*Asks:* 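This is the structure I want to talk about, given as structure tokens.
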Amino acid sequence: MKIVKTIKEVRDQVREWRKEGLSVGLVPTMGYLHEGHESLILKAVKDNDRVVVSDFVNPMQFGPTEDLATYPRDLDHDARLVENAGADLIFNPEPEEMYLDDFSSFVDMSTLTGGLCGKTRPIHFRGVCTVVSKLFNIVTPDRAYFGEKDAQQLAVIKHMVSDLSYGIEIVGCPIIREADGLAKSSRNTYLSEEERKAALVLSKSLFEEKKKIEEGLKDVKTIVSDIRTNIEKEPLAKIDYVEVVSWPDLKAKETVDGQVLCAIAVYIGKTRLIDNFIL
Ligand code: PAF
């Protein structure tokens with residue numbers, strides 16, 4: 001397993017693989033890898049001859065008051081996890097490698113990005129789409145892997161790939177959870193012991209509501225209000241949003257019919273966590 005820092009090194013390596021007729025998978029990450037990322041890498045290793053993992057905390061997707069400076073980083077740990085999972089290359093560029101001083105081209109989307117996380121993170125998806133487009137152009141993968149925990153991101157990337165005719169298969173992978181239900185996230189490391197316990201309110205309220213929907217509950221107002229009431233019982237939690245929308249086109253719904261995404265974002269102390277289920 002190799003770690004490279006430059007676009008040229010990735011391109012040279014991928015060119016070699018292509019000469020041998022090998023398929024290439026890409027797992028885009030911001031590093032500080034956990035079992036959620038590991039599951040994406042393992043799936044990519046299974047599906048492709050060679051796998052590239054990008055490990056880049058992308059400044060463009062963080063708002064001015066967000067956690068870019070404190071976002072956890074540990075390349076040695078990431079390298080061990082990637083190697084053990086069987087991937088072949090880590091691309092770990094510096095921001096200057098990805099964004100030259102006069103960088104001025106962006107990939108923006110006029111649908112899907114305004115609601116849910118886009119409401120409180122207005123520039124987030126422009127940053128995600130731009131960096132993912134660059135990674136696609138650098139690695140030219142056959143397939144790319146994204147977690148369903150960031151369900152809106154997955155829908156956005158799938159739409160972008162179709163709009164811009166990338167010809168890359170986008171593979172969504174299920175949410176990986178701690179034993180007690182908390183969705184794995186690099187941001188869980190921000191939580192104090194007390195906050196870690198409080199954070200369980202996200203998955204618990206979702207699981208409870210999912211069961212009610214499976215038993216026949218269809219009214220979206222009732223579903224949203226049940227989840228809000230449950231979360232509000234936790235003093236350390238502050239709701240950003242609770243929404244039920246159609247999947248994967250993220251349109252407002254009044255009743256549950258067809259595929260829906262039930263997504264929530266909740267601040268536990270200062271840490272903003274997201275979770276969801278697709279039904
Ligand atoms: O999901 C993430 O970690 C990031 O948004 C991604 C897709 C790696 C782009 O920076």
Side-chain angles (χ1 to χ4, degrees), residues 7 10 25-41 43-44 51-63 66-75 77-78 81-82 85 87 89-99 103 106-109 112-113 116-118 120-139 141 143-161 164 166 168-176 183-190 248 261 263 265 271-276:
I7 293 169
V10 179
L26 169 66
V27 183
T29 83
M30 297 210 299
Y32 213 71
L33 306 180
H34 49 67
E35 287 91 335
H37 300 109
E38 187 180 37
S39 73
L40 304 181
I41 301 170
K43 170 87 176 116
V51 172
V52 179
V53 177
S54 63
D55 189 319
F56 176 59
V57 181
N58 173 34
M60 199 188 282
Q61 68 191 71
F62 288 77
E66 292 181 351
D67 56 343
L68 173 61
T70 53
Y71 196 85
R73 293 157 166 91
D74 186 346
L75 186 59
H77 158 85
D78 292 349
L81 186 146
V82 169
L89 189 75
I90 294 184
F91 176 41
N92 175 235
E94 294 302 322
E96 307 79 63
E97 176 72 7
M98 293 294 272
Y99 303 118
F103 189 89
F106 300 90
V107 180
D108 215 342
M109 203 182 273
L112 302 182
T113 56
L116 304 172
C117 289
T120 30
R121 307 190 74 191
I123 58 133
H124 176 68
F125 288 109
R126 178 169 107 145
V128 170
C129 288
T130 303
V131 80
V132 170
S133 295
K134 277 185 70 85
L135 292 168
F136 286 173
N137 289 328
I138 295 165
V139 180
R143 297 176 196 84
Y145 297 78
F146 295 85
E148 283 176 1
K149 186 171 81 69
D150 295 293
Q152 185 176 15
Q153 170 172 281
L154 176 61
V156 164
I157 300 291
K158 279 193 168 167
H159 201 87
M160 178 188 85
V161 161
L164 301 182
Y166 267 108
I168 295 169
E169 185 189 340
I170 301 302
V171 183
C173 300
I175 298 177
I176 302 295
K184 300 253 181 196
S185 164
S186 306
R187 289 191 168 99
N188 291 350
T189 52
Y190 295 152
L261 165 71
T271 307
R272 184 176 176 281
L273 299 176
I274 56 173
D275 201 348
N276 71 73

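It should be emphasised that the depicted structure is a prediction, and the values quoted were computed from it without experimental measurement. In each ligand, atom 1 is the first atom listed, and ligand 1 is the first ligand listed.
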*Asks:* Please check if the side chain of Asp150 supplies one atom and the backbone of Gln153 the other of a donor-acceptor pair under 3.5 Å.
*Replies:*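 Not a single qualifying donor-acceptor pair exists.
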*Asks:* How far is atom 3 (O) of ligand 1 from the closest protein heavy atom, and which atom is that?
*Replies:*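 Protein heavy atom at minimum distance: Met30 CG, 3.6 Å.
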*Asks:* Should you measure from each heavy atom of Val131, which atoms of ligand 1 turn up under 4.0 Å away?
*Replies:* 9 (C), 10 (O)
*Asks:* Is there a side chain to side chain contact (heavy atoms under 4.5 Å, CB included) between Val156 and Val128 once you walk through the steps?
*Replies:* CA-CA 9 Å; Val156 164; Val128 170; 5.8 Å; no
*Asks:* Tyr71 and Asn58: side-chain hydrogen bond (donor to acceptor under 3.5 Å, both in side chains), yes or no, with the steps?
*Replies:* CA-CA 10 Å; Tyr71 196 85; Asn58 173 34; over 6 Å; no
*Asks:* Locate the shortest heavy-atom distance separating Gln61 from Arg121; write the atom from each residue and the value.
*Replies:*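 For Gln61 versus Arg121, the nearest heavy atoms are O-NH2, 3.6 Å.
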*Asks:* Taking the six-membered ring for Trp, are Phe56 and Tyr99 parallel (under 30°), tilted (30 to 60°) or perpendicular (over 60°)?
*Replies:* tilted
*Asks:* Tell me the protein heavy atom at minimum distance from atom 2 (C) of ligand 1, and give that distance in Å.
*Replies:*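 Answer, as residue, atom name and distance: Gln153 NE2, 3.8 Å.
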*Asks:* Side chain or backbone of Ile157 under 4.0 Å from ligand 1, or both, or neither, by non-hydrogen atoms?
*Replies:* neither
*Asks:* Which ligand 1 atoms are under 4.0 Å away from a heavy-atom of Thr29?
*Replies:* 8 (C)
*Asks:* Only heavy atoms of Pro28, strictly under 4.0 Å: list the atoms of ligand 1 that pass.
*Replies:* 8 (C)
*Asks:* For atom 9 (C) of ligand 1, what's the nearest protein heavy atom and its distance?
*Replies:* Gln61 OE1, 3.3 Å
*Asks:* Kindly assign one of parallel, tilted or perpendicular to the pair Phe106 and Phe103, based on the angle between their ring planes and the thresholds 30° and 60°.
*Replies:*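 If you compare the ring of Phe106 with that of Phe103, the planes turn out perpendicular.
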